[in-house]
Peer 1: 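One structure, pasted below without further comment.
FYI, the numbering just counts along the sequence from 1. In what follows, every heavy atom counts, from backbone to side chain, and hydrogens, waters and symmetry copies are set aside.
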Amino acid sequence: MACVRVEGGTAAQRTILSSALYHCLLAPTLFTDRDGRYVGMDRAVHQAPADAPAFSTYSLWDTYRALHPLLTLVRPERAALFTRDLIRQTQQSPYGPPVWQLQGVETGTMIGWHSVAVLAEARAKGIAADYAAAWPNIRRRAFDRNFADSDASLGRGYYHDLGYVPADKIWESVSRTQEYAYDDWAMAVLADAAGAKDDAVALRRRSRNYRNVLDPKIGFARPKYADGSWWTPYDPIQLGHTDAYRDYTETNGWQATFLNQHDVYGLIEWFGGDAAFEGKLDALFSAPSTLPNNAPPDISGLLGQYAHGNEPDQHAAYLYAFVGAPWKTQALVRRLLTEMYKHDPDGVIGNDDCGQMSAWFVLSALGFYPVDPVSAVYVLGSPLFDRAEIDVGHGKTLHVLARGNAADRPYVHSVTWNGKPWTRNWISHAELARGGTLLFEMGAVPSRFGSAKADRPPSFGHDAV
């Protein structure tokens, strides 16, 4: 049985949704033999419990953003299996929490160790697992300089000492600093789960290191050298301070500037407040869509300098909700849903990356998106379909209705939840997972719904201030 059923939209959009759901359920893949044996991250043969098989093909740099959050909602029993499997892999691996596991091997592809984000999200959403069992190896990754390293975590010593990865020492330094900071945020949740309260405090403090590669003089994420100086001359469309040396991971300065997901109000404050940040977002989506000759093909699906065809800034359209301009989120999300996906063999604007691009479509088409999965809340957007019925596990069903919806009516005028007025521009996972009816009243012109400070999404563990 399908986990999501919809009415409305066009026939092509319903086909795109069906295809996207199929893509979202392809990976991770089962890795145990019929007798329950599998090759572990330590390269030894293990026996998996009958109720907790092993899995492979974790494209975590991509999928922690939307695929795993989608699975926690529509396939919570599968999400629980993946959670327990990642804990087991973390215990086995010489590199600690997995980066990009394939066929029982740590490939070290991409940067960061975003399995901690998947585990922290699961913990925040109440998925039962022995998180403390994974903490010793996670803690070594977080604090031990001598812990086994891989390309995914280069520059950690500099990150600890300087608060950033220096561009003259380590490649992809800006993105590493930002993504290590997000993993610090996630590891703080897991430290709390293990009772390591002092570690949690230290990691939350360190998770603000993303600021150390933001240059206040120019308002962009910018490569910084070990002596504290900035790369000059700077051009935000460039990928690095030389043609052969990238300072960003599949992004440029424009896209990396908005990479932060967990401390949005801190980022807004750094920019100088709501109006300044809103203006910077406007500039991202309206800048000329030019790229340097050495740009990788991953940077695709450009709307201004926003790149929907790659993962790092796929939450950016939802950031308007944090500055009281949710109608801009609604218009942009509807535009991305209709322009970046099509009913053709090449219907995804970029690399689907084991379902991440598809998961963005599914969640956004339903009307909400996890800007920070670890926070366990969803920011409201603009539902594409008139009616959606979502199985959320345990025999419960979530209904999402968009009354007055049409291609030229992308704006949310009001919301009710289970028949009661809902003013917040966000909703928690716990609320959606209980099932119920989320009703959007749509219109052709922007409204002030969700714009008051009291109704803006929480970030970094607190509300807008």
Peer 1: What is the ring orientation for H308 with Y306, classed by angle as parallel under 30°, tilted 30 to 60°, or perpendicular over 60°?
Peer 2: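 It falls in the tilted class, 30° to 60°.
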
Peer 1: Within a strict 4.5 Å, meaning less than it, do heavy atoms of the I268 and V323 side chains meet?
Peer 2: yes

Peer 1: Begin from the C-alpha positions of D85 and Q89 and carry the test side chain to side chain donor-acceptor pair (under 3.5 Å) through to its verdict.
Peer 2: CA-CA 6 Å; D85 185 45; Q89 289 185 28; 2.9 Å; yes

Peer 1: Please evaluate residues W171 and R246 with respect to the criterion side chain to side chain contact (heavy atoms under 4.5 Å, CB included), reporting the C-alpha separation (whole Å), side-chain torsions for both, the decisive distance (0.1 Å), and the verdict.
Peer 2: CA-CA 6 Å; W171 54 287; R246 291 182 181 170; 5.8 Å; no

Peer 1: Do side-chain atoms of N212 reach the backbone of Y164 as a donor and acceptor pair under 3.5 angstrom?
Peer 2: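 Such a contact is absent between N212 side chain and Y164 backbone.
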
Peer 1: Looking at side-chain heavy atoms only, is the closest gap between H160 and F143 below 4.5 Å?
Peer 2: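 Answer no - side chains too far apart.
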
Peer 1: Quick one: does any side-chain atom of T232 pair with a main-chain N or O of Y234 as donor and acceptor, under 3.5 Å?
Peer 2: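 Judged by distance alone, no pair lies under 3.5 Å.
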
Peer 1: Write down the atom of C354, the atom of L67, and the distance for their closest heavy-atom approach.
Peer 2: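 Shortest heavy-atom contact: O-CD2, 3.3 Å.
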
Peer 1: How about L30 and F55: do any of their side-chain heavy atoms sit closer than 4.5 Å?
Peer 2: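 Yes, side chains in contact.
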
Peer 1: Quick one: do E431 and R424 make a salt bridge, cutoff under 4.0 Å?
Peer 2: yes

Peer 1: What I'd like to find out is whether the side chain of Y58 reaches to under 4.5 Å of the side chain of V118, using heavy atoms alone.
Peer 2: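 No, too far: nothing below the 4.5 Å cut-off.
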
Peer 1: Donor-acceptor pair, N137 side chain versus T90 backbone, under 3.5 Å?
Peer 2: yes

Peer 1: Which heavy atom of D51 sits nearest a heavy atom of L81, and at what distance?
Peer 2: O-CD2, 3.3 Å

Peer 1: When you look at CG of D346, are more than 12 heavy atoms from neighbouring residues, nucleotides or ligands closer to it than 6.0 Å?
Peer 2: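 Atom CG in D346 is crowded, with more than 12 foreign heavy atoms closer than 6.0 Å.
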
Peer 1: Indicate yes or no: at least one non-hydrogen side-chain atom of Q255 is less than 4.5 angstrom from one of I299.
Peer 2: yes

Peer 1: Indicate every side-chain donor-acceptor pair of residues 359-374 with a distance under 3.5 Å to a residue at least two apart or in another chain.
Peer 2:
residue	atom	partner	partner atom	Å
W360	NE1	Q314	O	3.0
S364	OG	Y318	OH	2.8
S364	OG	W360	O	3.0
D372	OD1	Y182	OH	2.6
D372	OD1	V374	N	3.1
D372	OD2	W185	NE1	3.0

Peer 1: Do the charged groups of R208 and D184 touch, with an N to O distance under 4.0 Å?
Peer 2: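 Answer for the salt bridge query: no.
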
Peer 1: Return yes if some donor-acceptor pair links the side-chain N/O of T177 with the main-chain N/O of S173 below 3.5 Å, else return no.
Peer 2: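 Yes, because the side chain of T177 sits within donor-acceptor range (under 3.5 Å) of the backbone of S173.
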
Peer 1: Considering residues, nucleotides and ligands other than D198, do more than 12 of their heavy atoms fall under 6.0 Å from its CG?
Peer 2: no

Peer 1: Under 3.5 Å, is there a donor-acceptor pair between the side chain of D199 and the main chain of R139?
Peer 2: no

Peer 1: Regarding D161 and R145, does a basic nitrogen lie under 4.0 Å from an acidic carboxylate oxygen?
Peer 2: yes

Peer 1: Are L432 and V392 close enough that some pair of their side-chain heavy atoms sits under 4.5 Å apart?
Peer 2: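 In short, these two side chains do not touch, never coming nearer than 4.5 Å.
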
Peer 1: Would you say the rings of F220 and W254 are close, in the sense that their centroids are separated by under 6.0 Å?
Peer 2: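 Yes, close enough.
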
Peer 1: Would you mind checking if R204 and D192 are paired as a salt bridge, meaning a charged N to carboxylate O distance below 4.0 Å?
Peer 2: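 A salt bridge is present here (some side-chain N lies under 4.0 Å from a carboxylate O).
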
Peer 1: Could you go step by step and tell me if Y210 and H262 meet the side chain to side chain contact (heavy atoms under 4.5 Å, CB included) rule?
Peer 2: CA-CA 10 Å; Y210 74 89; H262 63 289; 4.2 Å; yes

Peer 1: Examine distances only and state if a side-chain atom of E106 and a backbone atom of W100 form a donor-acceptor pair shorter than 3.5 Å.
Peer 2: yes

Peer 1: Assess whether salt bridge (Lys or Arg N to Asp or Glu O under 4.0 Å) is satisfied between D168 and K224, documenting all intermediate values.
Peer 2: CA-CA 8 Å; D168 52 337; K224 182 187 277 189; over 6 Å; no

Peer 1: Tell me, yes or no, whether the heavy-atom count around Y225 atom OH, taken from other residues, nucleotides or ligands under 6.0 Å, exceeds 12.
Peer 2: yes

Peer 1: ring-ring contact (aromatic ring centres under 6.0 Å, His included) with Y265: which of F460, F271, F322?
Peer 2: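 Only match with Y265 under ring-ring contact (aromatic ring centres under 6.0 Å, His included): F322.
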
Peer 1: Assess whether side chain to side chain donor-acceptor pair (under 3.5 Å) is satisfied between T109 and W61, documenting all intermediate values.
Peer 2: CA-CA 9 Å; T109 301; W61 186 82; over 6 Å; no

Peer 1: So, do Y159 and Y180 have ring centers that fall under 6.0 Å from each other?
Peer 2: yes

Peer 1: As a quick check of understanding, evaluate side chain to side chain contact (heavy atoms under 4.5 Å, CB included) for M41 and V105, giving each step before the final call.
Peer 2: CA-CA 6 Å; M41 298 283 277; V105 175; over 6 Å; no

Peer 1: Test your reading of the model: is there a side-chain donor-acceptor pair from T32 to the backbone of Y38, 3.5 Å cut-off?
Peer 2: no

Peer 1: Is the side chain of S382 donor-acceptor paired with the backbone N or O of R334 at a distance under 3.5 Å, no angle test?
Peer 2: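 Not at all, since once roles are kept as given, no pair shorter than 3.5 Å links the two residues.
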
Peer 1: My understanding is that only residues two or more places apart in sequence, or in another chain, count here; which of them pass ring-ring contact (aromatic ring centres under 6.0 Å, His included) with Y131?
Peer 2: none

Peer 1: Could you list the residues that satisfy salt bridge (charged side-chain N to carboxylate O under 4.0 Å, His left out) with R65, not counting sequence neighbours?
Peer 2: none

Peer 1: Where do H114 and E179 land on the side chain to side chain contact (heavy atoms under 4.5 Å, CB included) test, with the steps shown first?
Peer 2: CA-CA 8 Å; H114 295 319; E179 298 202 30; 2.6 Å; yes

Peer 1: When you compare the side chain of P223 with that of V213, does any pair of heavy atoms fall below 4.5 Å?
Peer 2: no

Peer 1: Counting only heavy atoms from other residues, nucleotides and ligands, does the tally under 6.0 Å from CZ of R43 exceed 12?
Peer 2: yes

Peer 1: Using modelled atom types only, decide if a donor and an acceptor are shared between the side chain of R156 and the backbone of A142 within a distance under 3.5 Å.
Peer 2: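 Here the side-chain-to-backbone pair does not exist.
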
Peer 1: Would you mind telling me which of Q178, R176, E311, E172 makes a side chain to side chain donor-acceptor pair (under 3.5 Å) with T249?
Peer 2: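 With T249 as partner, Q178, R176, E311, E172 yield a single side chain to side chain donor-acceptor pair (under 3.5 Å), made by E172.
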
Peer 1: Within the 3.5 Å criterion, strictly below it, is a donor on Y64 or Q261 matched to an acceptor on the partner's side chain?
Peer 2: yes

Peer 1: Between D130 and R84, is there a side-chain N and carboxylate O pair less than 4.0 Å apart?
Peer 2: no

Peer 1: List the steps, then state whether side chain to side chain donor-acceptor pair (under 3.5 Å) holds for Q101 with S56.
Peer 2: CA-CA 6 Å; Q101 186 261 43; S56 175; 3.2 Å; yes

Peer 1: So S59 and Q356, do their side chains get closer than 4.5 Å, heavy atoms only?
Peer 2: no

Peer 1: Is it true that D42 and Q92 share a donor-acceptor pair across their side chains at a distance under 3.5 Å?
Peer 2: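 Not at all, the side chains of Q92 and D42 share no donor-acceptor pair under 3.5 Å.
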
Peer 1: Hey, does the side chain of N260 reach the backbone of D263 with a donor-acceptor pair shorter than 3.5 angstrom?
Peer 2: yes

Peer 1: Side chains of Y95 and R140: donor-acceptor distance under 3.5 Å anywhere?
Peer 2: no

